[in-house]
Each structure stands twice: as C-alpha cells, then as structure tokens.
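A, B, ... follow the sequence lines: proteins, then strands. Residue 1 opens every chain.
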2 protein chains.
Amino acid sequence: MVTKQFSGSPDEADLRRADSLAREIFSDIANKWSFLIIEALGERTLRFTELRNEIEGISHKMLTQNLRMLERNGLVERRVHPTVPPRVEYTLTESGQGLRATVDGMCDWTHRYLSHIDAARRRFDV
Amino acid sequence: MVTKQFSGSPDEADLRRADSLAREIFSDIANKWSFLIIEALGERTLRFTELRNEIEGISHKMLTQNLRMLERNGLVERRVHPTVPPRVEYTLTESGQGLRATVDGMCDWTHRYLSHIDAARRRFDV
DNA sequence: CAGAATCCACTATGATACTG
DNA sequence: CAGTATCATAGTGGATTCTG
C-alpha cells in the first residue's frame with residue numbers, strides 16, 4: 001500500500017493526515033492523461049496547443065483540467081505571456097521531472113511486455 | 001508519448017497496431033486501483049478478501065473488475081481452488097512484477113514530494 | 001467465499017459556443 | 001490562442017441481492 005510506510009509511528013494524527021494526502025495525490029495523478037501529459041512535456045516547454053497536438057485523442061477540456069490539476073500539485077509550471085493572442089507555456093517542475101522517471105519506466109515496461117500482453121489477452125478472450 | 005518509439009519505421013501497419021495496443025494497455029493500467037492492487041500484491045499471494053481488506057476504500061466490484069483486467073493483460077495470475085467455500089488466490093506474474101518496480105517508484109516519489117506537493121496546493125488554493 | 005447481476009446516483013468526457 | 005461555461009450522454013462506481 002501507498003500509505004503503509006506511515007503507519008504505527010508516534011504522532012498518529014499527523015501520520016493519518018499524511019496518509020490521506022498521499023492517497024489523494026495518488027488518486028489525482030495515477031491516471032492516463034496525467035501520465036501522457038508528463039511524457040509529452042519531458043524536458044521541453046510546450047504551449048497549450050502544441051501539447052494538445054502531441055497527445056493524440058485528448059480533448060481541449062481534459063487537457064485543461066489535467067493541466068490545472070498538475071499545476072495545483074506543483075508538477076507543472078504554467079507561464080502566461082501577456083500578449084495578444086495569449087501565449088501560455090507549460091514546463092515540468094523538479095517534482096514533475098521526478099515523476100517522469102516513473103512514467104518513463106511504465107512506457108518502457110509497456111514496450112517490453114507488449115507481445116507478452118497481447119498473447120495473454122488472446123488467451124483470455126476466448 | 002508512449003507511442004513515439006514506434007513511429008517512422010518500415011512496416012507502417014504493424015507499427016500502428018503496436019501503437020494502438022500500447023496506448024490501450026496504458027489506458028487500462030494507468031489507473032489508481034490497478035496500481036494499488038499491484039502494490040498490495042507485491043511478492044505475496046493474496047485471496048480476494050485479503051486483497052479487499054488490504055486496499056482501503058476499494059469496493060467489491062472495483063476489485064473484481066480490476067483483477068479481471070489485470071488477469072486479462074497477464075499481470076496477475078488467478079488460481080481457483082475447487083473447494084467449498086471457494087478459495088481464489090491472486091499472484092503477480094513476471095510482467096506484473098516488472099510493473100511493480102514502476103509503481104514502487106511512484107510510491108517513493110509520492111512520499112518524497114509529499115510536503116512539496118502539500119505546499120504547492122496551499123499556494124494554488126487561494 | 002468469490003463473484004455475477006441488477007439498479008441507480010453521480011462523474012467524466014466530448015461537443016459546442018462564448019470571452020479576453 | 002487559451003480558457004471558461006454549458007449541456008447531453010456514456011460510463012464509473014457503490015449498494016444490494018443472488019448463486020455455487
């Protein structure tokens with residue numbers, strides 16, 4: 001469990017708070033779009049529309065929502081250039097970069113086990 | 001992007017198929033419950049009810065659904081003992097173990113940046 | 001005990017239109 | 001261009017009941 005590492009120690013109340021926060025973060029971030037956004041950003045800075053083009057299938061709305069959420073959690077920095085038309089750039093922060101390692105890991109895993117998974121599916125889908 | 005590593009190579013059709021499969025897998029597995037199940041299983045074998053107790057807040061239905069999905073993708077092995085009452089055990093397969101490394105990474109990340117994220121949230125939630 | 005099936009509330013998502 | 005708002009709807013997920 002995500003939260004296990006916090007159990008059974010001195011300050012019960014604090015730890016419960018940390019627990020539920022960890023869980024909340026986990027719920028927020030462990031989703032498809034977040035991961036794809038983090039992957040897409042990588043080490044680059046991208047504008048809203050560039051990001052939208054980069055991530056196949058994401059809707060305007062989902063991109064906005066997930067970017068807000070990532071910004072709120074401090075994984076993404078949003079820089080607004082007060083020009084007309086507006087120019088908004090998104091970049092991964094340090095913590096965002098930290099998570100990127102994990103997401104990269106998952107991408108590698110996906111490609112490593114692709115045929116393996118494909119076979120498992122065929123077996124399952126009688 | 002998850003799929004980028006497959007683009008621009010010889011056999012277009014095959015690669016597109018691999019692409020969409022990778023994307024499908026990503027969508028299936030990059031979700032909160034999958035991750036929590038993989039974490040909970042770790043190196044242990046657990047029964048349905050044990051798993052349910054282990055993962056706080058998961059409903060009977062979600063656990064069943066996600067276990068089926070993980071089984072279908074070959075990450076989890078389901079062993080049924082033909083007894084009364086039935087005894088069903090779940091274990092991570094090799095590929096499941098492979099993904100566990102990633103999930104562990106995310107757990108570590110969560111705990112490492114916990115206070116960082118908490119601060120970012122406070123700043124954001126004016 | 002494990003799980004399938006049902007019902008139902010609620011949420012997520014896409015499409016569309018509007019604003020600075 | 002980026003973002004907000006609104007609406008319709010498909011889908012999620014919980015509670016409950018039933019079965020082998």
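- For B:Ser59, the side-chain contact (heavy atoms from CB on, under 4.5 Å) partners at least two apart in sequence or on another chain are B:Lys61, B:Met62.
- Nearer to the 5' terminus of DNA chain C, by closest-nucleotide assignment, is the contact made by A:Gly57 (compared with the other of A:Pro85 and A:Gly57).
- Note: CD1 (B:Ile58) to C1' (D:dT12) measures 13 Å, nearest angstrom.
- Nucleotides of DNA chain C nearest to B:Glu50 and A:Gln65 differ in position, and the one nearer the 5' end is that of B:Glu50.
- The CG-P distance, from B:Asn31 to C:dT13, rounds to 12 Å in whole Å.
- Distance A:Leu63 CG to C:dG14 P: 11 Å, rounded to the nearest Å.
- Partners of A:Arg100 by salt bridge (Lys or Arg N to Asp or Glu O under 4.0 Å), not counting sequence neighbours, listed by chain and number: A:Glu43, A:Asp104.
- The CG atom of B:Leu46 sits 15 Å away from the C1' atom of C:dC1 (whole-angstrom rounding).
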Tabulate protein N/O versus nucleotide N/O from nucleotides 3-9 of chain D, keeping only pairs under 3.5 Å, one per line.
from: D:dG3; atom 1: OP1; to: A:Arg68; atom 2: NH2; distance (Å): 3.4
from: D:dG3; atom 1: OP1; to: A:Arg78; atom 2: NE; distance (Å): 2.7
from: D:dG3; atom 1: OP1; to: A:Arg78; atom 2: NH2; distance (Å): 2.7
from: D:dG3; atom 1: OP1; to: A:Tyr90; atom 2: OH; distance (Å): 2.8
from: D:dG3; atom 1: OP2; to: A:Tyr90; atom 2: OH; distance (Å): 3.0
from: D:dG3; atom 1: N7; to: A:His60; atom 2: NE2; distance (Å): 2.8

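- For B:Arg122 and B:Asp118, the salt-bridge test passes: some basic side-chain N is under 4.0 Å from an acidic carboxylate O.
- The side chain to side chain donor-acceptor pair (under 3.5 Å) test applied to A:Glu50 returns no partner, not counting sequence neighbours.
- Across the protein-nucleic acid pair, B:Asn66 atom CG and C:dG3 atom C1' stand 15 Å apart, rounded to whole Å.
- The CE atom of B:Met62 sits 14 Å away from the P atom of D:dG11 (whole-angstrom rounding).
- B:Lys32 has its NZ atom 15 Å from the P atom of D:dT12, to the nearest Å.
- One atom, CZ of A:Arg52, and another, C1' of C:dA15, lie 11 Å apart when rounded to the nearest Å.
- Remark: of the listed residues A:Ile55, A:Leu46, A:Leu75, A:Leu36, A:Leu46 is the sole one forming a side chain to side chain contact (heavy atoms under 4.5 Å, CB included) with A:Leu41.
- For B:Ser59, counting side-chain heavy atoms from C-beta on, the closest listed nucleotide (C:dC1, D:dC1, D:dG14) is D:dG14.
- By the ring pair (Phe, Tyr, Trp, His ring centres under 6.0 Å) test, B:Tyr113 pairs with B:Trp109, B:His116, sequence neighbours left out.
- Evaluation of the side-chain hydrogen bond (donor to acceptor under 3.5 Å, both in side chains) test over residues 72-92 of chain B, restricted to residues two or more places apart or in two chains, returns A:Arg121-B:Asn73, A:Asp125-B:Arg72, B:Asp28-B:Asn73, B:Thr45-B:Thr91, B:Arg78-B:Tyr90, B:Arg79-B:Thr91, B:His81-B:Glu89, B:Arg87-B:Glu89.
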